[in-house]
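Written out below as structure tokens is the structure these notes cover.
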There are 2 protein chains.
Amino acid sequence: MLNQSRHSRQREAILALLRSTKLHPTADWLFSELKKEFPNIGLATIYRNLKFFEEQGLVIKIDVGDGFDHYDADTSDHYHFFCDSCRKVIDLDMPPLQFGEVLPDGFSSEHHQLVFFGKCKNCKLELCS
Amino acid sequence: MLNQSRHSRQREAILALLRSTKLHPTADWLFSELKKEFPNIGLATIYRNLKFFEEQGLVIKIDVGDGFDHYDADTSDHYHFFCDSCRKVIDLDMPPLQFGEVLPDGFSSEHHQLVFFGKCKNCKLELCS
DNA sequence: ACATAAATGATAATGATTATCATTTATATC
DNA sequence: GATATAAATGATAATCATTATCATTTATGT
Ligand SMILES: [Mn+2]
Ligand SMILES: [Mn+2]
Ligand SMILES: [Zn+2]
Ligand SMILES: [Zn+2]
């Protein structure tokens, strides 16, 4: 009776890489990085495992509207900043907002997403040079 | 010297339709509706004009992560609710949040997006039947 | 009416993500 | 350790919303 998930070196490496970075990587970035250790790894393996981790609650998917899904191994409640210039996704150190009675009657929400758009520190400095 | 945008019945109809609804339509929804009045209209015309309106500041694009771009002729500051069940985008009647010193030093943001996820009133009722 | 270029409609191309499938591999059992 | 089973992989094709291309139509100033 085998009905469980199995271990694989690729799966382990993908999760380890996600946990080692604060860059909120895309599938393609993970693919490029992991090819150094697994030259034969397939892009489909990245996508499959990202979906697997998301279903297991080990990572969250972040959509900032740039056409790429970003992934984050930090599953705690936190918000993000997206730099319109360098297109980096950056963590914000900001307490989760509490919304009491803002939803219409009969609605319920256990989850919300807040993204700030603008220019990060580096990009603002470079624009002045 | 012609270097301006011109009038077209299609462009006028697209904007009028967007202004007449609170459904936050997708390009494909607009396409289906407008074919009633313009049987020969092309989907590219919808996309072209949506981009045009967005650049003119007449509409805003909303990305709730469902794989479709939604459009809204209400350009005032407001937030949205996305129903995970019926996948509708619904306006929230909620004052714009003011964020004082939440961004890291050197960062600036003139725009943020807040989306709540959950079940709308209709979908919650239907689940109990 | 004419000239010009913007707008359209048809169609192909793009590109991130997902699906398919033959092969490999992890793991429980003998 | 061998074996059986199904999960996981890698290669590849398919999907599908959106964008690009281009010949034709159309709006608008003269
Ligand atoms: Mn994060
Ligand atoms: Mn709205
Ligand atoms: Zn930046
Ligand atoms: Zn609903």
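Here is the naming used below: chain letters follow the sequence lines, and residue numbers restart at 1 for every chain. Nothing here was measured: the structure is a model prediction, and the numbers come from that model.
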[X] [atom1] to [N] [atom2], straight-line distance once rounded to whole Å:
{"X": "B:E12", "N": "C:dA6", "atom1": "CD", "atom2": "P", "result": "20 Å"}
{"X": "B:R6", "N": "D:dT24", "atom1": "CZ", "atom2": "C1'", "result": "14 Å"}
{"X": "B:Q4", "N": "C:dT4", "atom1": "CD", "atom2": "P", "result": "17 Å"}
{"X": "A:H7", "N": "C:dT27", "atom1": "NE2", "atom2": "P", "result": "7 Å"}
{"X": "A:Y47", "N": "C:dA19", "atom1": "OH", "atom2": "P", "result": "13 Å"}
{"X": "A:L50", "N": "C:dT18", "atom1": "CG", "atom2": "C1'", "result": "13 Å"}

Check whether A:H112 reaches the backbone of A:E110 with its side chain - one donor and one acceptor, N or O, closer than 3.5 Å.
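No: the side chain of A:H112 does not pair with the backbone of A:E110.
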
Give a yes or no answer on whether the side chain of A:T75 reaches the backbone of A:V59 with a donor-acceptor pair at less than 3.5 Å.
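No, A:T75 side chain to A:V59 backbone: no donor-acceptor pair under 3.5 Å.
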
What residues from residues 16-37 of chain B pass a heavy-atom cutoff of under 4.0 Å to DNA chain D?
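Residues of residues 16-37 of chain B under 4.0 Å from DNA chain D: none.
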
In residues 54-69 of chain B, which ones come under 4.0 Å of DNA chain D, going by heavy atoms?
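Here the set is B:G67, B:F68, B:D69.
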
Within 45 degrees of the axis of the six-membered ring of A:F38 and under 6.0 Å from its centre: does A:R9 put its NZ or CZ there?
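The answer is no; the distance or angle limit is not met.
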
With sequence neighbours excluded, residues passing side-chain hydrogen bond (donor to acceptor under 3.5 Å, both in side chains) with A:H111:
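For A:H111 there are no side-chain hydrogen bond (donor to acceptor under 3.5 Å, both in side chains) partners, ignoring immediate neighbours.
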
Which atom of B:F82 lies closest to which atom of B:V64, heavy atoms considered
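What the structure gives for the nearest pair is CD1-CG2, 3.6 Å.
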
Closest contact, heavy atoms only, A:W29 versus A:P25
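Nearest heavy atoms, A:W29 then A:P25: CE3-CB, 3.3 Å.
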
Looking at the rings of A:F107 and B:F116, which for Trp means the six-membered one, are their centres under 6.0 Å apart?
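No, too far apart.
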
Can you list everything that forms a ring-ring contact (aromatic ring centres under 6.0 Å, His included) with B:F53? Sequence neighbours excluded, please.
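Partners of B:F53 under the ring-ring contact (aromatic ring centres under 6.0 Å, His included) test: none.
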
Can you sort out the partners of A:H70 under ring-ring contact (aromatic ring centres under 6.0 Å, His included), two or more places apart, ordered by chain and number?
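With sequence neighbours excluded, A:H70 shows a ring-ring contact (aromatic ring centres under 6.0 Å, His included) to no residue whatsoever.
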
If you pin B:S8 and A:I14 to their nearest nucleotides in DNA chain D, which one's is more 5'?
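Of the two residues, A:I14 wins.
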
Between N or O atoms, less than 3.5 Å apart, protein on one side and nucleotides 10-13 of chain D on the other: list the pairs.
from   : atom 1 : to    : atom 2 : distance (Å)
D:dG10 : OP1    : A:Q10 : NE2    : 3.0
D:dG10 : OP2    : A:G42 : N      : 3.2
D:dG10 : OP2    : A:T45 : OG1    : 2.9
D:dG10 : O5'    : A:N40 : O      : 3.3
D:dG10 : N7     : A:R48 : NH2    : 2.8
D:dG10 : O6     : A:R48 : NH1    : 3.0

Determine whether any donor atom in the side chain of B:R11 lies under 3.5 Å from an acceptor atom in the base of C:dA7, or the reverse, and answer yes or no.
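Under the 3.5 Å cut-off, the side chain and the base do not form any donor-acceptor pair.
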
